[in-house]
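Worksheet for the structure shown next.
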Amino acid sequence: MRLTLRTNLAMRTLMHCASRAPDTLRTLDVAQACNASFHHVAQVVNQLESNGYLNTTRGRGGGIALASAPHEIGVGQVVRLFEADLPFAECLDSARNTCPLTGACRLKGMLCEALGAFYATLDRYTVADLIDGNDALTRIFLPEESMAESPGTC
């Protein structure tokens, strides 16, 4: 199994916003910190905002911030949001399935069970679990001007 780039960027964006809360971040800041394309991050931010995970403010002094507390944002929910349009296997997409084995194959049931376990595991965690006490992550998300002021950094 492999998560899409959009899912990966969504989680990075939420972790960045959570680690810097209550500060408001610019999408460009997130893109740079996550080593990602501004365009891709902007699309992800738009989807996160549309689904109530981020608040966005346009204009000078605007930016993005979490719409709720990190412990209220489930990892499984976010992954489902970004992965929902992509069936794990052809046989799981009833509209596009052309597999001739569908009527006799047992793999579909096994895949459904495995995906259920995958999401059940992710559902046990929130964004807070990803950032709380994670000093290494917090340091990565420090703004460059803070890093220059911090002792012991280059």
Side-chain angles (χ1 to χ4, degrees), residues 1-58 62-102 105-144 147:
M1 177 162 199
R2 183 179 178 128
L3 295 178
T4 62
L5 173 62
R6 291 169 65 88
T7 303
N8 194 320
L9 290 176
M11 294 310 305
R12 290 184 198 181
T13 300
L14 292 171
M15 288 188 292
H16 193 171
C17 289
S19 71
R20 297 280 306 280
D23 295 346
T24 299
L25 304 174
R26 298 178 309 151
T27 301
L28 179 61
D29 297 331
V30 175
Q32 289 174 339
C34 295
N35 194 28
S37 153
F38 172 83
H39 179 70
H40 285 122
V41 173
Q43 289 177 342
V44 166
V45 164
N46 184 49
Q47 192 169 354
L48 287 168
E49 191 267 339
S50 295
N51 285 276
Y53 293 102
L54 292 178
N55 288 325
T56 61
T57 309
R58 293 191 180 276
I64 60 175
L66 292 182
S68 54
H71 70 273
E72 295 174 347
I73 302 173
V75 173
Q77 294 171 321
V78 176
V79 172
R80 277 185 190 87
L81 172 65
F82 284 88
E83 298 291 325
D85 294 338
L86 302 169
F88 185 73
E90 178 186 4
C91 61
L92 298 178
D93 184 354
S94 58
R96 295 188 186 114
N97 184 15
T98 61
C99 179
L101 307 178
T102 300
C105 184
R106 294 178 180 159
L107 181 60
K108 180 178 179 177
M110 292 174 194
L111 292 176
C112 288
E113 182 181 346
L115 283 171
F118 172 76
Y119 282 115
T121 299
L122 293 179
D123 287 339
R124 294 193 325 244
Y125 300 100
T126 67
V127 170
D129 294 314
L130 301 172
I131 65 158
D132 287 349
N134 192 342
D135 295 336
L137 183 71
T138 301
R139 283 191 296 277
I140 291 169
F141 288 141
L142 282 175
E144 287 188 26
M147 292 176 64

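Computed from a predicted model, the values in this text were never measured in an experiment. Numbering of residues begins at 1 and proceeds along the displayed sequence.
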Any chance you could lay out the side-chain contact (heavy atoms from CB on, under 4.5 Å) test for Leu9 and Gln47, step after step, and finish with the verdict? CA-CA 11 Å; Leu9 290 176; Gln47 192 169 354; over 6 Å; no
Stepwise, does the side-chain contact (heavy atoms from CB on, under 4.5 Å) test hold for Ile64 with Val30? CA-CA 9 Å; Ile64 60 175; Val30 175; 3.9 Å; yes
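- The line from CG of Asp23 to CG of Asp29 is 10.5 Å long, rounded to the nearest 0.5 Å.
- Tyr53 is not listed as a side-chain neighbour of Thr13, based on a closest heavy-atom distance of 4.5 Å or more.
- Heavy-atom minimum distance, Gln77 versus Glu72: OE1-O, 4.3 Å.
- Looking only at side-chain heavy atoms (C-beta outward), Val44 and Phe82 come within less than 4.5 Å of each other.
- Nearest approach of Ala18 to Pro70, heavy atoms of both residues: CB-CG, 3.9 Å.
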Apply the test side-chain contact (heavy atoms from CB on, under 4.5 Å) to residues Leu130 and Met11: give CA-CA distance (whole Å), side-chain angles for both, the deciding distance (0.1 Å), then the verdict. CA-CA 9 Å; Leu130 301 172; Met11 294 310 305; 3.6 Å; yes
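- Among all heavy-atom pairs drawn from Val41 and Ala36, the shortest one is CG2-CB, 3.8 Å.
- Taken to the nearest 0.5 Å, the CE atom of Met15 stands 12.0 Å off from the CD1 atom of Ile73.
- Applying the side chain to side chain contact (heavy atoms under 4.5 Å, CB included) criterion to Ala67, with sequence neighbours excluded, gives Asn55.
- Atom CZ in Arg106 sits 13.0 Å away from atom CG in Leu101 (nearest 0.5 Å).
- Atoms CD and CG, on Gln43 and Leu48 in that order, are 12.0 Å from each other to the nearest 0.5 Å.
- Using a 4.5 Å heavy-atom threshold, the side chains of Asn97 and Thr102 count as touching.
- Separating the CG atom in Asn51 from the CG atom in Asn46 is a distance of 9.5 Å, to the nearest 0.5 Å.
- Nearest heavy atom pair, residue Ile131 against residue Ser19, reads CD1-N, 4.0 Å.
- Taking 4.5 Å as the limit, some side-chain heavy atom of Leu54 sits within range of a side-chain heavy atom of Leu14.
- Under the side-chain hydrogen bond (donor to acceptor under 3.5 Å, both in side chains) criterion, Glu49 pairs with no residue, sequence neighbours left out.
- Scanning all heavy atoms of the two residues, the minimum distance from Ala31 to Phe38 falls at CB-CA, 3.8 Å.
- Among residues two or more places apart in sequence or in another chain, the side chain to side chain contact (heavy atoms under 4.5 Å, CB included) test is passed with Thr126 by His71, Ala128, Asp129.
- In this structure, the side-chain hydrogen bond (donor to acceptor under 3.5 Å, both in side chains) partners of Thr7, at least two apart in sequence or on a different chain, are Thr4, Glu83.
- Taking CD1 from Ile140 and CG from Asp135, the interatomic distance works out to 11.0 Å, rounded to the nearest 0.5 Å.
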Assess whether side-chain contact (heavy atoms from CB on, under 4.5 Å) is satisfied between Val79 and Tyr119, documenting all intermediate values. CA-CA 8 Å; Val79 172; Tyr119 282 115; 3.7 Å; yes
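- The closest side-chain heavy-atom distance from Cys34 to Phe141 is below 4.5 Å.
- Applying the salt bridge (Lys or Arg N to Asp or Glu O under 4.0 Å) test to Arg96 and every residue at least two apart in sequence or in another chain returns Asp93.
- Judged as a side-chain hydrogen bond (donor to acceptor under 3.5 Å, both in side chains), and not counting sequence neighbours, Arg58 has no contacts.
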